[in-house]
Amino acid sequence: MRPVRLSIAADPANVRVARLVAVALARSRGYAEPVVDDVRLAVGEACGRAVLTHLDGGVDAPVVVELAGDDEGLAISVTDADPADGDTPVITLQGDSGDPADLAAEGIYLVDAVAVVGGVADHLDVRQGPDGTTLAMRWAPVESLPD
Amino acid sequence: MRPVRLSIAADPANVRVARLVAVALARSRGYAEPVVDDVRLAVGEACGRAVLTHLDGGVDAPVVVELAGDDEGLAISVTDADPADGDTPVITLQGDSGDPADLAAEGIYLVDAVAVVGGVADHLDVRQGPDGTTLAMRWAPVESLPD
Amino acid sequence: MDLSLNARSQGEFEVIEVAGEIDVYTAPRLREALVDLVAKGRHQLVIDVERVEFLDSTGLGVLVGGLKRVRSHNGSLDIVCTQDRLLKIFRITGLTKVFGIFDTVDAAVSSH
Amino acid sequence: MDLSLNARSQGEFEVIEVAGEIDVYTAPRLREALVDLVAKGRHQLVIDVERVEFLDSTGLGVLVGGLKRVRSHNGSLDIVCTQDRLLKIFRITGLTKVFGIFDTVDAAVSSH
Ligand SMILES: Nc1ncnc2c1ncn2[C@@H]1O[C@H](COP(=O)(O)OP(=O)(O)O)[C@@H](O)[C@H]1O
Ligand SMILES: Nc1ncnc2c1ncn2[C@@H]1O[C@H](COP(=O)(O)OP(=O)(O)O)[C@@H](O)[C@H]1O
């Protein structure tokens with residue numbers, strides 16, 4: 001399958017469209033359902049985070065999701081257009097975040113979406129550039145692809 | 001729902017991704033299943049036609065699908081990047097095409113995909129520009145949207 | 001959902017049950033199957049699309065191509081279809097006048 | 001699939017059955033429901049997510065927010081969940097240590 005790019009306006013309702021496309025791609029590449037679940041969750045988290053970042057920052061540009069499957073596995077990236085500045089929280093990957101209940105001021109970033117992505121993708125690369133942040137996720141290829 | 005743009009590499013396998021997104025959007029806008037079927041078919045036809053046009057013409061650019069739902073209904077456009085030249089068959093909308101069995105040299109354009117789109121969309125606008133062709137389809141809003 | 005094909009002989013007729021999606025991606029597999037059957041001398045075809053979930057004009061093109069091929073051997077190609085959403089596309093494209101379309105395989109077979 | 005919520009009283013406990021997807025789009029509706037219940041003096045909550053098909057960190061955030069809210073009234077918020085794919089995200093986020101997670105509503109209620 002050659003690549004697909006999805007640009008979604010920053011609307012929470014659009015996140016499920018991105019999940020749907022990711023799930024369709026993962027299934028078509030022959031991944032087992034537990035991996036498909038991981039892909040669904042990772043893409044949902046990454047897009048939800050990006051959409052909320054755009055809404056918070058009043059960023060009008062779309063969130064861009066790029067999806068490709070090849071012999072090296074499945075690669076999905078989610079890019080927001082929120083310029084990294086002093087206000088942008090430094091994203092810490094996984095790590096020991098302590099008791100989440102203590103964090104709960106019911107903010108949207110209460111549970112770290114990026115940590116969830118890191119927990120379910122085989123590989124996660126976070127690139128913060130001047131124009132925005134990209135979460136690049138990969139999953140290893142399945143052992144035997146269906147015809 | 002604010003707009004979604006899907007760019008698909010010209011691969012027949014990607015057409016189903018576009019159908020899937022269109023169906024998800026139509027359902028989320030509250031359309032009844034027979035209309036959802038029409039949307040699925042129209043987007044499938046339009047994207048199939050565009051993908052084959054790219055493959056035939058060796059066009060490397062993606063096919064672009066734009067989807068939006070608002071109070072005026074559902075608007076979906078599919079744009080190919082095949083420059084209109086003398087070789088491009090003039091697209092005739094609907095019309096009396098005679099006996100399709102006579103046409104059958106088993107070419108891909110045997111059954112006119114654009115006529116099918118015109119048959120299932122409430123409104124179809126075909127714009128042929130120097131950079132490519134856009135099929136812009138619309139469906140009237142449903143009477144009562146779900147909350 | 002991908003395409004699945006299942007062919008069985010019923011007297012001089014060959015019944016092809018198709019399930020899944022017949023579209024620009026999968027239609028070539030259906031074409032191959034039809035070409036193979038004709039090459040094996042099977043010219044009385046009944047294509048059962050009751051379990052087809054999606055059919056586009058590429059798929060219709062393959063069906064029309066199959067019809068042409070069997071006709072050149074004085075054969076037949078009938079369709080078994082009761083699903084409204086598929087019948088609609090046969091109607092839009094004028095193909096209801098080209099194919100025999102039946103409610104059951106038996107009705108298709110006994111029409112000859 | 002959208003979110004659906006169904007709440008019923010079982011003694012001093014309020015059981016909220018959630019079905020569908022709890023995500024960045026629907027989580028606000030769950031939050032409202034929890035806020036309403038707490039405002040009505042219901043502080044012993046059992047949230048049954050057995051029919052939830054998708055749960056993301058926004059949804060988890062709402063659950064943690066609900067827990068905080070009932071705790072400030074000496075209440076409780078337990079989760080009923082046996083689905084591996086949901087348990088996985090509770091585990092990844094460390095929330096298995098924060099919530100009581102039970103196999104059935106009765107097990108949740110009788111734990112108090
Ligand atoms: N800036 C934001 N921060 C956090 N969540 C947000 C933000 N903007 C929107 N949301 C979430 O998205 C939900 C739906 O957004 P909204 O634009 O009201 O769409 P709808 O009217 O269709 O529900 C909100 O209730 C909220 O939870
Ligand atoms: N230029 C073309 N014209 C018509 N159909 C095409 C063209 N290119 C591809 N297709 C259709 O797409 C099908 C699948 O393409 P292909 O690149 O072989 O993918 P795959 O190897 O996954 O089947 C082809 O068998 C054919 O029907």
Side-chain angles (χ1 to χ4, degrees), chain A residues 1-31 36 39-40 43-44 47-48 50-55 57-71 74-81 145-147, chain B residues 1-31 36 39-40 43-44 47-48 50-55 57-71 74-81 145-147:
Chain A
M1 188 175 162
R2 295 174 56 213
V4 167
R5 172 185 292 154
L6 180 70
S7 304
I8 56 173
D11 182 333
N14 284 341
V15 172
R16 57 181 60 181
V17 175
R19 290 202 304 264
L20 201 80
V21 171
V23 164
L25 173 57
R27 288 216 178 102
S28 80
R29 299 297 301 170
Y31 287 93
V36 173
V39 171
R40 178 190 288 111
V43 170
C47 291
V51 163
L52 296 180
T53 299
H54 281 210
L55 292 175
V59 177
D60 216 41
V63 169
V64 177
V65 187
E66 295 188 292
L67 311 99
D70 61 23
D71 292 347
L74 183 61
I76 304 181
S77 69
V78 176
T79 301
D80 67 49
L145 287 171
D147 72 84
Chain B
M1 186 175 164
R2 295 172 58 213
V4 167
R5 172 186 293 156
L6 180 70
S7 305
I8 55 172
D11 182 333
N14 284 341
V15 171
R16 58 183 56 182
V17 175
R19 289 202 305 264
L20 201 81
V21 171
V23 164
L25 172 58
R27 288 217 178 102
S28 80
R29 300 296 302 171
Y31 287 93
V36 172
V39 171
R40 179 190 288 111
V43 170
C47 290
V51 163
L52 295 180
T53 298
H54 280 209
L55 292 175
V59 177
D60 216 42
V63 168
V64 177
V65 187
E66 294 189 293
L67 311 100
D70 60 23
D71 292 347
L74 184 61
I76 303 181
S77 69
V78 176
T79 301
D80 67 48
L145 287 170
D147 71 81

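Just so we're on the same page: letters track the sequence lines, and every chain starts at 1.
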Query raised in the report: After noting the C-alpha distance and the side-chain angles of B:Leu6 and A:Val4, does the key distance pass the side-chain contact (heavy atoms from CB on, under 4.5 Å) rule?
Result: CA-CA 7 Å; B:Leu6 180 70; A:Val4 167; 3.4 Å; yes
Query raised in the report: Taking side chain as C-beta onward, heavy atoms only, is B:Val21 less than 4.5 Å from A:Val21?
Result: yes
Query raised in the report: CG/A:Leu67 to CD1/B:Ile8 distance, rounded to the nearest 0.5 angstrom?
Result: 12.5 Å
Report summary line: Nearest heavy-atom contact between B:Leu20 and A:Ala24 is CD2-CB, 3.2 Å
Report summary line: Looking only at B:Ser7, B:Ala9, B:Ala10, the option with the highest number of non-hydrogen pairs under 4.5 Å against chain A is B:Ser7
